[in-house]
Number of protein chains: 4
Amino acid sequence: MSVEKSTYQTSDTASRIIHAAEKLFAEQGFKETTMRQITSQADVNLAAVNYHFGSKQGLIQSVAQHSLNPLCDAIDAGLDAFNVQQQTPGLDALLQILARALVRVHQRNDYSLAVLMRLLDQAYRPIQQELQGFIRAEYGTRISVFLHYLRQQAMPLSEREFFWRLHFLMGSVIFTLSNMHALIALDQPGAEPDAAAEVEHILQRMVPFICAGMAAPERVEAH
Amino acid sequence: MSVEKSTYQTSDTASRIIHAAEKLFAEQGFKETTMRQITSQADVNLAAVNYHFGSKQGLIQSVAQHSLNPLCDAIDAGLDAFNVQQQTPGLDALLQILARALVRVHQRNDYSLAVLMRLLDQAYRPIQQELQGFIRAEYGTRISVFLHYLRQQAMPLSEREFFWRLHFLMGSVIFTLSNMHALIALDQPGAEPDAAAEVEHILQRMVPFICAGMAAPERVEAH
Amino acid sequence: MSVEKSTYQTSDTASRIIHAAEKLFAEQGFKETTMRQITSQADVNLAAVNYHFGSKQGLIQSVAQHSLNPLCDAIDAGLDAFNVQQQTPGLDALLQILARALVRVHQRNDYSLAVLMRLLDQAYRPIQQELQGFIRAEYGTRISVFLHYLRQQAMPLSEREFFWRLHFLMGSVIFTLSNMHALIALDQPGAEPDAAAEVEHILQRMVPFICAGMAAPERVEAH
Amino acid sequence: MSVEKSTYQTSDTASRIIHAAEKLFAEQGFKETTMRQITSQADVNLAAVNYHFGSKQGLIQSVAQHSLNPLCDAIDAGLDAFNVQQQTPGLDALLQILARALVRVHQRNDYSLAVLMRLLDQAYRPIQQELQGFIRAEYGTRISVFLHYLRQQAMPLSEREFFWRLHFLMGSVIFTLSNMHALIALDQPGAEPDAAAEVEHILQRMVPFICAGMAAPERVEAH
DNA sequence: GATGAATGAGGCTTCATTCAT
DNA sequence: TATGAATGAAGCCTCATTCAT
């Protein structure tokens, strides 16, 4: 109808809800955030969430897609850049690709990245099998590609060692980024929260840390 | 009242509640776990939690103490062993002290460690200032001592770099251990969950990873 | 607007709604059926019901008219056939007139009759005075005529006895026909639901039952 | 605790809820009655229904048991009285047994009978399979016994004819009794609603009606 | 100490309806 | 005429907590 609304723009109400939900989910958690808080913050009717997303769980999934789509797109694009040159990215390059993809997600919305990290954390809980299944079904294949590259670059490691180091890596990323707003505030007390730029710095600090960790020689078990 | 109850032994009901709560909190999260689930699993009356712990939040704090006390004790003991010999523990030694302390916590109860990690994760959320304040007030000093040692062993790093690497470290520890049951099940599908021994292996894998990460040279920022 | 629409033909949308509503009302009840179900089944917009019928209650009344008009017409026609010959229909003839009128309603739509019976049942509830008033205002006079004939043929009965037997009769008719689809399915498990023909058989079984009941001698009360 | 509470007396709150629910269900229907109405009428907390009965559906089932238990008990007792004398009750006797059992139910509470009849009506709806299953599971066997006797006394009828006449019978009973309060008010306008005694009179009027109907010769189908 | 019952607040969801287009 | 979005009211249910016993 109106010219301003591009084809990519969904209903204003729906996107307002998404934005409000991202902020509140990131700050408080999913269960801790009520629909009243969301709709109040978005300044829409309480029933609007159910109208647009069916249920609170449906909203959570939409929020997930809102972050996971650009994340996977950015990772794929990063990998493709190497494929074009018929090169295979090394460990550091892979982590840079990941880092840039995460920055890209964060640029969409100040809370998209944090909420995504919280989501991935939740997905490991036994009760959240539905969420886990949703992510696997929608993004499992794409994620596997990246993991395959990573595995190759960590080749001297045994399968099991790789499994655990991958999750040490994920722990650093998920914990740091899901609490990024709190950590940035701790790091720069009183400063204007220019999180937009700060996330890139955080990730640039993280890459050497993880790179070294992944490359560390496997400890010979004594027992 | 009765002579049998030592000073350390709270009522059987209270300890049954603690155990049930640890398991459920670890598996589901704090908000996701209801008083009914806890009292039902503990096979005690619904009102017992409020009677013994005042409130759900009071129970959470008791659960926290239940894990944080032995953790800090074990860390202190580890540091004291070096002090006696008038030695200063290196980075690897410090991480070993931490690892052993974590194992010690886990040995108390199959879920004590996981729930503690979840608790520390929560403490970074803005809404959980009460929990954060409680931990700082009760354990802040003791934790600072360990951090001080760690800071010294990471001396070439700038203050800010150390801050972030410390949280990368915490991310690996917190994420891996708070999801340890799920990860162990993924790692050893179908195996008997001998988590008791497995935690030690996990931490032995983690120490080199983190050690290398902490020791990595600081990247020179280009911008 | 368009020439095709005769005076009897309301908009296609409206009649689609009526049909869907009849089916759902008959199967589920009025309160149990939602506007979403109706408009979804009719494949029209959710707002169409309010646009065409004003409200859900308005739709119910339209559905009522949709069945009550042909019912009363058929009854009147049946009575007229006797009047032309200057005869007075006996009890059995009256019940046959009623039965044929009911069959006529059913022939319009597979659910018209069932929903009408459900409607008459509802009309006896204290909260449904509005519905009751509507029926009385629109059809009270026409119904009275038939009841007057019936009363005459049951003359030996006292006024009060007639009142109750009339409602025993109505109970048989209303219960059987409002649940006709379920009963036919019970009677002929697995058979194709040729309800169209079956209703006539049911009524042919019912007439002797009711006829005998109405004609039974009045029990002398002992008290 | 208190001497007044006999062993049969459940919590006062629970029975107050049952009574309020019976009245409202009978007058308005199940779906039409809200938990707020029930708890408000019973003068108890809104959450009390869920505490005592789990859900609205659980309350409905409790209400059903509250009526179906004494009904089946009374029917069994009536049949036993014949068995003791090694007699087989005739059609009229069977209907008298049923009538007395219904009166017995009504004596418990002014609305127990009406709500039971409404319940049986609902049980024939396709959506209410759960309710139907519940009744069948709990009372199916006991009901079958009575139906077996009835079948024997209607022996000249074919199986199919018996099926339909049984439902004509049920229609009369269910419709009349579920709407008994409205009908009594219509029958005796302005009179004090001494329903307690009136139900017996209604049933005494109904027995000859149904008896004659059941005994009527089977019409020979012409087609 | 311990308990079963009860409660007020608030949770998510669904409803019929309305409104701008 | 028709529609997709939006809404206020109300629905049932669950929660942590309290209280009399």
Side-chain angles (χ1 to χ4, degrees), chain A residues 1-2 10-14 16-17 31-39 42-59, chain B residues 1-2 5 10-14 17 31-39 44-60, chain C residues 1-2 5 10-14 17 31-39 44-59, chain D residues 1-2 10-14 16-17 31-39 43-59:
Chain A
M1 308 286 171
S2 69
T10 66
S11 125
D12 182 49
T13 297
R16 289 246 295 288
I17 290 172
K31 183 90 182 201
E32 289 82 357
T33 301
T34 70
M35 310 223 54
R36 243 177 269 274
Q37 287 177 311
I38 295 168
T39 53
D43 198 31
V44 300
N45 187 273
L46 174 59
V49 171
N50 286 83
Y51 177 78
H52 285 281
F53 302 99
S55 66
K56 187 181 181 182
Q57 192 61 30
L59 171 59
Chain B
M1 305 269 178
S2 68
K5 292 185 181 173
T10 63
S11 94
D12 181 50
T13 296
I17 291 172
K31 182 89 182 195
E32 288 83 357
T33 300
T34 70
M35 307 282 278
R36 276 199 149 73
Q37 287 177 311
I38 295 168
T39 52
V44 300
N45 186 272
L46 173 60
V49 171
N50 285 73
Y51 179 78
H52 284 280
F53 302 97
S55 67
K56 187 180 182 182
Q57 194 60 31
L59 171 60
I60 292 176
Chain C
M1 304 268 179
S2 68
K5 291 184 182 174
T10 63
S11 95
D12 181 49
T13 296
I17 290 173
K31 182 87 181 195
E32 289 82 357
T33 301
T34 69
M35 307 281 281
R36 276 199 149 75
Q37 288 178 310
I38 295 168
T39 53
V44 300
N45 186 271
L46 173 58
V49 171
N50 286 77
Y51 179 78
H52 285 280
F53 303 98
S55 67
K56 187 181 183 182
Q57 194 61 31
L59 171 60
Chain D
M1 307 286 171
S2 69
T10 66
S11 123
D12 183 48
T13 297
R16 291 246 295 287
I17 291 172
K31 185 88 185 211
E32 289 82 357
T33 300
T34 70
M35 312 223 50
R36 243 177 269 274
Q37 287 177 310
I38 295 169
T39 53
D43 199 32
V44 300
N45 187 274
L46 175 58
V49 171
N50 287 84
Y51 177 77
H52 284 282
F53 303 97
S55 67
K56 187 181 180 181
Q57 193 60 31
L59 171 59

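Quantities reported herein were computed from a predicted structural model and do not represent experimental measurements. Numbers restart at 1 for each chain; the letters A, B, ... are given by sequence-line order, proteins then strands.
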*Could you give me the CA-CA distance, side-chain angles and deciding distance for B:Leu46 and B:Met35, then say whether side chain to side chain contact (heavy atoms under 4.5 Å, CB included) is met?*
CA-CA 7 Å; B:Leu46 173 60; B:Met35 307 282 278; 4.1 Å; yes
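Rounded to an integer number of Å, the gap from C:Ile38 CD1 to E:dT17 P is 10 Å. If you measure from atom CG of C:Leu46 to atom P of E:dT21, you get 19 Å, rounded to the nearest angstrom. Distance C:Lys31 NZ to F:dC12 C1': 13 Å, rounded to the nearest Å. Computed from coordinates, the A:Met35 CE to F:dC15 C1' distance equals 18 Å when rounded to whole Å. In this entry the distance linking CD1 of B:Ile17 with P of F:dT17 reads 13 Å, nearest Å.
In the region residues 49-59 of chain B, proximity to DNA chain E at under 4.0 angstrom, judged on heavy atoms, holds for B:Tyr51, B:His52.
F:dT21 sits 22 Å from E:dG1 when the P atoms are compared, rounded to a whole Å.
Among the protein residues, C:Thr39 comes within range of no part of the nucleic acid, since none of its heavy atoms lies under 4.0 Å from any strand.
OP1 and OP2 of E:dA5 both lie 4.0 Å or more from every side-chain N or O belonging to D:Thr13. Remark: D:Arg36 is in phosphate contact with F:dG11, judged by side-chain N or O atoms under 4.0 Å from OP1 or OP2. For the pair C:Asn45 and F:dG4, the criterion of a side-chain N or O lying under 4.0 Å from OP1 or OP2 is met.
Each of C:Ala47 and D:Gln37 has a nearest nucleotide on DNA chain F; the 5'-most of these lies closest to C:Ala47. Toward the 5′ end of DNA chain E lies the nearest nucleotide of B:Val44, the other residue of the pair B:Val44 and C:Glu32 mapping further downstream.
Taking B:Ser55 as the reference, B:Gln57 meet the side-chain contact (heavy atoms from CB on, under 4.5 Å) condition, with sequence neighbours excluded. Remark: C:Thr39 engages no residue in a side-chain hydrogen bond (donor to acceptor under 3.5 Å, both in side chains) (not counting sequence neighbours). Judged as a side-chain contact (heavy atoms from CB on, under 4.5 Å), and not counting sequence neighbours, the contacts of B:Ala48 are B:Thr13, B:Ile17, B:Val44, B:His52.
Contact between B:Lys31 and A:Glu32 at its shortest, heavy atoms only, is CB-OE2, 3.5 Å.
Secondary structure note: stems in DNA chain F built from 3 or more consecutive Watson-Crick or G-U wobble pairs under 3.5 Å occupy E:2-21 with F:2-21.
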